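For the numbers below, each heavy atom of this structure counts, side chains included, while hydrogens, waters and symmetry mates do not. In this chain, residues are counted from 1 in sequence order. Please read these numbers as outputs of a predicted model, since none were measured by experiment.
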Amino acid sequence: MEEIGIVMNGVTGRMGTNQHLIRSILALRDEGGVELSNGERVVPDPLLVGRNERKLRELSEEHDVDRWVADPDLETCLDGDDAIYFDSQVTPRRPESILKAIDAGKDVYCEKPLAMDLDSALEVTRAAEQSDSKHGIVQDKLWLPGLMKLKRLIDQGFFGEILSVRVEFGYWVFTGHIQEAQRPSWNYRAEDGGGIIDDMFSHWSYVLENLFGRVESVMCLGKTHVPRRVDGSGDEYEATAEDAAYAIMELEDDIVAQLNSSWTVRVNRDDLLEIQVDGTDGSAVAGLRDCKTQHHANTPKPEWNPDTPTEHDFYDDWTSVPNNQTFENAFKRQWEMFIRHVVEDEPFPWDFRAGAKGVQLTEASHQSWTEGRRISVDELTI
């Protein structure tokens, strides 16, 4: 059994702590490491890095992690034998840190989005591809149970010709005036990398491309519905980033995708994320964990009559897709794959080029909103 050192930068943040450290790296450590193709195991050994010494110390003590350092500029933590650099900082700090890690000869794995703008994302991607560093971007939603069931249906030809996709994502994030907000205040400040377009459209880029096809154009409208919020210190601030975005995207093979993303919506659906796919032979609705289908042969024949009550329960016409497998935490699953990629060169297609595509869609969506028009999304040239 061997160890693999992982420099985890920005690990005191919400995602860095919960999904990446506790539910992925420490979970893998507790399981005895990642099993390789030859049956041997490699155990992750994290080095916690961040800006806040107190938080790092508390995190290391609580979770029995021996190594930590308050080194926000990476002056010392890249000098050791750690093989992987992981970045979950706020987006504006990410490209500079990744470039330092590449120069130090580290393999690099990072949260999305890869950068705030496409030029920076392409710079990072070129640097990674021209080096010996292996590189990967978090695309966790591909391993959500609901989306894996949806992919199973697509691969088995359930839908026939896919016509359209509708994505509903979001929930009400409290402003902090009466109840504490569930998200950090930087999410609502454009100058700090906030906004739901930057936060979610990188996700929609890889979800749509991996399941249905490449995004070829986008029309997008962003809105700051709630202009003032209260931060964790109790201070009111102006929200300078959008808290909702509404988009129509055209995909390959003439598929139309409609996407509503909002932190100002109250949930009246089965899950915080729902993706409905309609095809000539059937439809499906996938959430985070569940997926249900309706085949053409089982489709009811409703008639429009607003003068009489609708007695038909349309929910009864859907059938749940069985699990048929064991599902693990999506972040942990991708971490396992990246570690195998580093240690034994297992294929890992979710690289910085894929991350740059997410930034490309985000930038095109902002341009569409600003200019009030449809924007083409060309094949990405690195």
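- Checked for salt-bridge contact, Arg333 and Glu328 miss the test: no charged N lies under 4.0 Å from a carboxylate O.
- Ring planes of His135 and Phe352: tilted class, angle from 30 to 60°.
- Using a 4.5 Å heavy-atom cutoff, the side chains of Lys332 and Met337 are not in contact.
- Side chain of Thr240 to main chain of Ala190: a donor-acceptor pair is present (N/O by atom type, distance under 3.5 Å, no hydrogens or angles).
- Ring geometry for His20 against Phe86 counts as tilted: the plane angle lies between 30° and 60°, on a 0 to 90° scale.
- Applying side-chain contact (heavy atoms from CB on, under 4.5 Å) to Ile275 and the options Val165, Val285, Leu259, Leu144 leaves one that passes, Val165.
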Please list, one pair per line, the donor and acceptor atoms closer than 3.5 Å that link side chains of residues 301-314 to other protein atoms, with sequence neighbours excluded.
from	atom 1	to	atom 2	distance (Å)
Asn305	OD1	Asp307	N	3.1
His312	NE2	Asp317	OD2	2.6
Asp313	OD1	Tyr315	N	3.1

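- Ser120 and Asp117 share a donor-acceptor pair across their side chains, judged by distance under 3.5 Å alone.
- One finds a salt bridge joining Glu250 and Arg374 here, because a Lys/Arg side-chain nitrogen approaches an Asp/Glu carboxylate oxygen to under 4.0 Å.
- What you find for Ala101 and Val108 is that their closest heavy atoms are CB-CG2, 4.0 Å.
- With respect to the salt-bridge test (charged N to carboxylate O, under 4.0 angstrom), the residues Glu209 and Lys357 qualify.
- Other residues sharing a hydrophobic cluster with Trp186 under the 4.5 Å side-chain heavy-atom criterion for ILVMFWY residues are Val90.
- Remark: Arg189 qualifies as a cation-pi partner of Tyr237 under the 6.0 Å distance and 45° angle criteria applied to the six-membered ring.
- Counting heavy-atom neighbours within 6.0 Å of Asp132 CG, excluding the residue itself, gives a total of 12 or less.
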Stepwise salt bridge (charged side-chain N to carboxylate O under 4.0 Å, His left out) test for Asp81 and Lys106
CA-CA 9 Å; Asp81 296 330; Lys106 307 298 182 184; over 6 Å; no

Under the side chain to side chain donor-acceptor pair (under 3.5 Å) criterion, do Gln276 and Asp278 qualify, and how do the steps go?
CA-CA 7 Å; Gln276 177 161 337; Asp278 291 304; 3.2 Å; yes

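- Salt bridge status for Asp270 with Arg289: absent, with no side-chain N to carboxylate O gap under 4.0 Å.
- Arg54 pairs by the side-chain hydrogen bond (donor to acceptor under 3.5 Å, both in side chains) definition with Glu58, not counting sequence neighbours.
- Nearest heavy-atom pair, Ile137 versus Asp351, reported as atom, atom and distance to 0.1 Å: CG2-O, 3.4 Å.
- In plain terms, the two heavy atoms of Ser24 and Asn329 that are nearest each other are OG-OD1, 4.1 Å.
- His203 and Gln139 form no side-chain donor-acceptor contact under 3.5 Å, judged by distance and modelled atom types alone.
- Between the side chains of Ser164 and Gln258, no donor-acceptor pair of N or O atoms lies under 3.5 Å.
- When Trp172, Phe174, Phe169, Tyr188 are each tested for a ring pair (Phe, Tyr, Trp, His ring centres under 6.0 Å) with Trp263, only one passes: Tyr188.
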